[in-house]
Amino acid sequence: MDNRPIGIFDSGLGGLTAVKALRELLPEEDIVYFADSGRVPYGARPVEQLRRMAVQDMDFVANHGAKAIIAACGTVSSNAPDLLAGYRLPVFGVLRPGVEAMSRVPGSAPLGVIATAASIRSGAFQRSLEERCPGREIISAACPDFVPLIESGHSGAEDEAVCEAVARYMRPLKERGCAAVLLGCTHFGIIGEAISAYMGARVRLISASACAAEKLRDYLAASGLTGGHGREKYYTSGSAGDFSRLAATFLGRELEAAAEETGVMEC
Ligand code: DGL
């Protein structure tokens with residue numbers, strides 16, 4: 001039994017897809033969440049900067065008492081896997097759990113992966129999928145417009161700007177008949193309905209966030225580290241008002257308390 005919180009971080013709203021999944025799996029756990037909204041989007045940043053930010057983000061939630069961490073950011077998970085693996089606390093990235101889930105998709109049709117520009121540029125998703133899914137064609141696409149749209153409050157399946165961007169990025173994956181698409185950026189689950197509506201109900205969308213939350217649940221159970229009171233504390237390096245409002249919309253409930261502003265770290 002361990003009542004310390006689970007630390008979750010992302011560049012902004014995306015990690016809330018991990019919060020949502022975790023809440024369903026482990027409602028009693030406490031969560032400390034860091035949204036680095038002052039530096040979003042991570043996907044447009046160079047790798048060395050991303051690696052420094054990864055350590056700052058892990059340190060932030062570790063210094064707020066976390067017992068384990070979800071790096072709920074595909075960009076960090078794919079550009080700094082060694083830093084996550086070598087950290088002083090157990091850290092669960094979203095790359096490996098997502099790829100493992102994709103390897104269980106039956107059939108021989110191609111598999112798709114969508115993520116930020118920095119994630120796709122790292123080649124980590126493509127490489128890991130090729131290793132874990134031998135014989136399957138992997139089609140990857142960077143979708144740099146999704147995160148700024150989501151962070152500015154666009155999300156619904158009827159939202160015109162979202163639908164236009166989804167069609168623009170997803171067309172090649174649809175035309176090639178992908179059996180499943182890995183949402184390799186945690187933000188993309190927020191526009192999951194629009195992506196699913198465009199791709200069609202037969203194409204499975206796999207949330208890398210949800211897969212990471214399952215891994216963490218298994219780890220806590222196996223190590224006897226579950227425990228907490230279902231509390232949540234949010235921090236953001238951006239505007240507390242904007243984050244709290246958009247977070248409540250996505251989670252479908254008000255935050256227990258508005259997010260606290262941290263100021264922007266230098267990197
Ligand atoms: N949500 C993050 C990811 O999973 C970062 C997106 C961004 O800030 O570009 O990649």
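Indexing begins at 1, ligand by ligand and atom by atom, following the structure's order. For this chain, numbers begin at 1 and follow the sequence in order. Nothing here was measured: the structure is a model prediction, and the numbers come from that model.
- Note on R168 versus E164: salt bridge recorded, some NZ/NE/NH1/NH2 to OD/OE distance being below 4.0 Å.
- Annotation: atom 9 (O) of ligand 1 to nearest protein heavy atom, G43 N, 2.8 Å.
- The shortest contact between atom 2 (C) of ligand 1 and any protein heavy atom is with D10 OD1, 3.1 Å.
- Considering every non-hydrogen atom in both T226 and A221, the closest pair reads CG2-N, 4.1 Å.
- Residue V147 has no N or O atom closer than 3.5 Å to an N or O atom of ligand 1.
- For Y33 and F9, the ring centers are positioned 6.0 Å apart or more.
- For E256, the CD atom is densely surrounded, since the number of other residues' heavy atoms within 6.0 Å is greater than 12.
- Taking any N or O of S119, backbone or side chain, none lies under 3.5 Å from an N or O belonging to ligand 1.
- Using a cut-off of 4.0 Å between Lys/Arg side-chain N and Asp/Glu carboxylate O, K67 and D30 are scored as not salt-bridged.
- Shown here for T236 and F34, the closest heavy-atom pair between the two residues is C-CE1, 4.3 Å.
- Residues Y169 and D145 bring a donor and an acceptor atom of their side chains to less than 3.5 Å of each other.
- Nearest protein heavy-atom contact of atom 7 (C) of ligand 1 is Y42 N, 3.2 Å.
- Under a 4.0 Å criterion applied to the non-hydrogen atoms of V40, ligand 1 contributes the atoms 8 (O).
- Checking only distances, G74 does come within under 3.5 Å of ligand 1, N or O to N or O.
- A salt bridge links K233 with E260: at least one charged nitrogen is closer than 4.0 Å to a carboxylate oxygen.
- Checking only distances, T116 never comes within under 3.5 Å of ligand 1, N or O to N or O.
- When each atom of ligand 1 is checked for a heavy atom of S11 under 4.0 Å away, the hits are 5 (C), 6 (C), 7 (C), 8 (O).
- Looking only at heavy atoms of the protein, atom 10 (O) of ligand 1 is closest to T75 OG1, 2.5 Å.
- Among protein heavy atoms, the minimum distance from atom 1 (N) of ligand 1 is reached at H187 ND1, 2.7 Å.
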